[in-house]
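Below, chains carry the letters A, B, ... as their sequence lines are ordered, and counting in each starts from 1. Note that this is a predicted model, so its numbers are computed, not measured.
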Protein chains: 2
Amino acid sequence: MDCDCSIIGSINIISGKWKPVIIWMLLSGPRRFGELHKGIQGIALKVLSRHLKELEADGIINRKVYAEVPPRVEYTLTEKGMSLNDVMQLLVEWDKKYKVTK
Amino acid sequence: MDCDCSIIGSINIISGKWKPVIIWMLLSGPRRFGELHKGIQGIALKVLSRHLKELEADGIINRKVYAEVPPRVEYTLTEKGMSLNDVMQLLVEWDKKYKVTK
DNA sequence: CCGGATCCTAGATGATACTG
DNA sequence: CAGTATCATCTAGGATCCGG
């Protein structure tokens, strides 16, 4: 293929059962690991952990560790991650328009 | 969850290794089963078949069967499917901007 | 030519217990 | 608190054979 690959690349990044939700939550501000876990109903710790690592590797989010007791880790969106806002908004609008989500 | 679900719904529809490519191909006009199979390098027949059924079930594409010999089946986008054009374009632009696809 | 039916594999997801 | 380790499960994806 040729023209199609550009779509696959971007889709892959937000593909994953929970990645869009993670991004969505971070769009409204920094979140700690525990907050994400609590906010995303039903996600397994392991999955959240791996998704966060993948998103970090893709340059979508930043991971900031505070050397405190108790430990604290905050996740924020990078500029690249922020730019996904448009895409997310469009998807939400599209969903509303066509009542995809029941 | 609540606000997040709207994203999951729309993501799920275009989630799948080849669905974006299928939609992308159909955006430029109707395609026959064989054309899609030939155009999408490396996809298995079964996968293409299932993806098409799912997309049809989701109301994204139409399946038109011609009672001819040899058999002919054409797939076209529904209005709902067409409306994904904006999303796809945005994804492509986003990819270009951030060089996601190598 | 267009797929449906089957079987198979790998990776994604989930639940629980354990560590720095 | 923020994960990792481990085990079980689930599902998408792929290959092949067969029928309309």
Side-chain angles (χ1 to χ4, degrees), chain A residues 1 4-5 7-9 11-26 29-58 60-77, chain B residues 1 4-5 7-26 29-58 60-76:
Chain A
M1 278 148 309
D4 318 313
C5 293
I7 293 190
I8 295 187
I11 283 281
N12 278 344
I13 289 186
I14 54 180
S15 236
K17 194 167 174 183
W18 308 101
K19 282 187 191 173
V21 188
I22 295 174
I23 297 173
W24 184 260
M25 284 191 70
L26 290 180
R31 291 283 186 279
R32 300 177 58 173
F33 187 88
E35 289 180 304
L36 290 171
H37 183 219
K38 217 176 44 181
I40 305 177
Q41 271 276 357
I43 191 173
L45 279 179
K46 175 187 172 183
V47 178
L48 175 57
S49 171
R50 200 188 51 216
H51 278 181
L52 287 172
K53 266 192 281 189
E54 288 173 4
L55 288 172
E56 191 190 358
D58 287 332
I60 305 296
I61 64 175
N62 281 317
R63 185 173 181 270
K64 205 186 307 183
V65 183
Y66 295 85
E68 303 175 353
V69 178
R72 195 166 66 130
V73 180
E74 268 188 4
Y75 292 92
T76 55
L77 288 177
Chain B
M1 272 145 312
D4 317 316
C5 292
I7 294 190
I8 296 187
S10 37
I11 284 282
N12 277 346
I13 289 186
I14 53 179
S15 236
K17 194 167 174 184
W18 308 102
K19 282 188 190 172
V21 188
I22 295 175
I23 296 173
W24 185 261
M25 284 192 69
L26 290 179
R31 290 283 185 280
R32 299 177 57 173
F33 187 87
E35 288 180 306
L36 290 171
H37 183 219
K38 218 176 43 178
I40 305 176
Q41 271 278 356
I43 191 174
L45 280 179
K46 175 191 171 181
V47 178
L48 175 57
S49 170
R50 200 184 50 214
H51 278 181
L52 287 171
K53 267 193 283 187
E54 287 173 3
L55 289 172
E56 191 188 358
D58 287 332
I60 305 295
I61 63 175
N62 282 316
R63 184 172 182 271
K64 205 187 304 184
V65 183
Y66 295 84
E68 305 175 352
V69 178
R72 194 166 64 130
V73 181
E74 266 188 6
Y75 293 92
T76 55

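When distances run from any side-chain atom of A/Arg32 to the nucleotides D/dA15, D/dC1, C/dG14, the shortest one goes to D/dC1. Of the candidate nucleotides C/dG14, D/dT4, C/dC2, D/dT4 has the atom lying nearest to any side-chain atom of A/Leu45. Closest to the side chain of A/Tyr75, out of D/dG3, C/dT13, D/dG13, is D/dG3.
Contact detail for B/Gln41 and B/Trp18: the closest heavy-atom pair is O-CH2, 3.6 Å. In plain terms, the two heavy atoms of B/Leu55 and B/Lys19 that are nearest each other are CD2-CD, 3.9 Å. Looking at every heavy atom in both residues, A/Ile61 comes nearest to A/Leu52 through CD1-O, 3.4 Å.
Regarding contacts with the backbone of C/dG4, a side-chain N or O of B/Lys53 is found under 4.0 angstrom from either OP1 or OP2. Put simply, A/Ser49 has no side-chain N or O that comes within less than 4.0 Å of OP1 or OP2 on D/dG3. The phosphate of D/dC1 has neither OP1 nor OP2 within less than 4.0 Å of any side-chain N or O from A/His37. At least one side-chain nitrogen or oxygen of B/Arg50 sits closer than 4.0 Å to the OP1 or OP2 atom of D/dG13.
If you take CD1 on A/Ile22 and CG on A/Leu36, they are separated by 6.5 Å, rounding to the nearest 0.5 Å. Taking CD of A/Glu74 as the start and CG of A/Asn62 as the end, the distance is 11.5 Å to the nearest 0.5 Å.
The separation between B/Glu54 atom CD and C/dG4 atom P is 12 Å, rounded to whole Å. Rounded to a whole Å, the CG atom of A/Asn12 is 15 Å from the P atom of C/dG11.
The pair B/Glu68-B/Arg72 meets the salt-bridge criterion, since a charged nitrogen lies less than 4.0 angstrom from a carboxylate oxygen.
Residues of residues 62-73 of chain A that place a heavy atom closer than 4.0 Å to DNA chain C, in numerical order, are A/Pro71.
Evaluation of atom-type donor-acceptor distances gives no pair under 3.5 Å for the side chain of A/Lys46 against the base of D/dT4.
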